[in-house]
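These notes concern the structure reproduced below.
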2 protein chains.
Amino acid sequence: MSPGRHPDHAPLELERFVPYQLSIVSNTVSQTIADDYQVRHDLSVTEWRVMAVLARFDGLSAREVAERTAMDKVAVSRALARLVAAGRVRRHTHANDKRRSVLGLTAKGWAIHDEVAPMARQRERELLARLDSDEQAWLARILDKLMPGDQARG
Amino acid sequence: MSPGRHPDHAPLELERFVPYQLSIVSNTVSQTIADDYQVRHDLSVTEWRVMAVLARFDGLSAREVAERTAMDKVAVSRALARLVAAGRVRRHTHANDKRRSVLGLTAKGWAIHDEVAPMARQRERELLARLDSDEQAWLARILDKLMPGDQARG
DNA sequence: TGCAAATGGTTTCAATTGAAACTACAAAGG
DNA sequence: CCTTTGTAGTTTCAATTGAAACCATTTGCA
């Protein structure tokens, strides 16, 4: 290598670089879903994730919501503040630990959930419709393997 | 109300919902790359993308950079402002159109590129190492199909 | 020509986000 | 008890981002 020069630059081909592709695909998909119904309900992606988790697991604390949504506790705290203010989530204090909150969807929250969830599934279907069934199966398998926290599982 | 599942409402299983998985995987991967070298060089992901594109295509305008990085023009403008200020990108005005800029990496820009690009590839390899070679091949194919702008190509 | 519309790029202002500090409560050890 | 340390959750402040307005130049066309 001659001094002071950079002879073999081997530039990255962004459009074939997997982390870049993932980011583009992910952002496009999330944006499509967000545009469609979440803007309509004045519901951010983070808020929707919190609602989705509370729909499955009633009575979680904010920390548990954070764990299950892969969001940090500040983001969860802010999402919850909005959701509670909007009457979509109820929050009361844990009987045996006054630090913890006990969270759940209200009737209004369920109503929104029941409208948004099928739509989200529909968007997922539309995304997957661009793949044939082999590709769909491989994608599911690949994403399972790439999800963090899955390294240990065979 | 007992804690637990609400099967009648068909709650979304976030961890099997493809858009969610994509977002988690994408963010984790990008963050890993960013932490590693880009923070070290005080280089954001957007700045790195601009540099990667200019490494391949010398003399692009800002708009062309925006097209090739899937970023909006405001983000590109800001990234360029920082890159030019840091002496990593040179910018001059197009001879026949004084609105357009003509962009390229400086020697300093190339030096950073030549350090970051191999590292980015290495991280990509580490990601893909979690998949077997069948899965790697399918992932490449699937991402190509899911990349926006690819719908038309058969 | 001359003037409206379009284009390339930047700036502004408000909303969003992230990191660290902070409050309140709980648990554990002396 | 009382002090230290840890945990749940919120607030604060600065940095980042996005949308719209903006400026300069070019283009289309009467």
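We name chains A, B, ... by the order of the sequence lines, and we start the count at 1 in each one. All values below were derived from every heavy atom in this structure, side-chain atoms included, with hydrogens, water molecules and symmetry-related copies excluded.
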A:D97 has a side chain; which of C:dG9, C:dA26, C:dG18 sits nearest to it? C:dA26

Test item: B:E124 side-chain N/O and A:V18 main-chain N/O as donor-acceptor pair under 3.5 Å: yes

Proximity to the side chain of A:S77 - top-ranked nucleotide from C:dG9, D:dT10, D:dT25: D:dT10

Check: A:W48 ring centroid to A:H41 ring centroid under 6.0 Å: no

Please pick, from D:dG9, C:dA19, C:dG8, the nucleotide with the shortest atom-to-atom distance to any side-chain atom of A:R91. D:dG9

Rounding to an integer number of Å, can you tell me how far A:H94 NE2 sits from C:dA27 P? 10 Å

Would you please classify the geometry between the B:H113 ring and the A:H9 ring as parallel, tilted or perpendicular, with 30° and 60° separating the classes? perpendicular

Heavy-atom donor-acceptor pair, A:R78 side-chain to C:dG18 base, under 3.5 Å: yes

Any side-chain N or O of B:R63 below 4.0 angstrom from OP1/OP2 of C:dG8? yes

B:K73 side chain, from C-beta outward: closest of C:dA26, C:dT10, C:dG18: C:dT10

What closest approach, in Å, do B:A70 and A:I24 show between heavy atoms, and which atom pair accounts for it? CB-CD1, 3.5 Å

Does a side-chain N or O of B:S61 approach OP1 or OP2 of C:dG8 to a distance below 4.0 Å, or not? no

Between D:dT25, C:dG18, C:dC25, which nucleotide has the shortest distance from any of its atoms to the side chain of A:D72? C:dG18

As a test of reading the structure: which of C:dG9, C:dA19, D:dG9 is closest to the side chain of A:A62, going by heavy atoms? D:dG9

Per atom distances to the A:R99 side chain, the nearest of C:dG9, D:dT7, C:dA20 is D:dT7

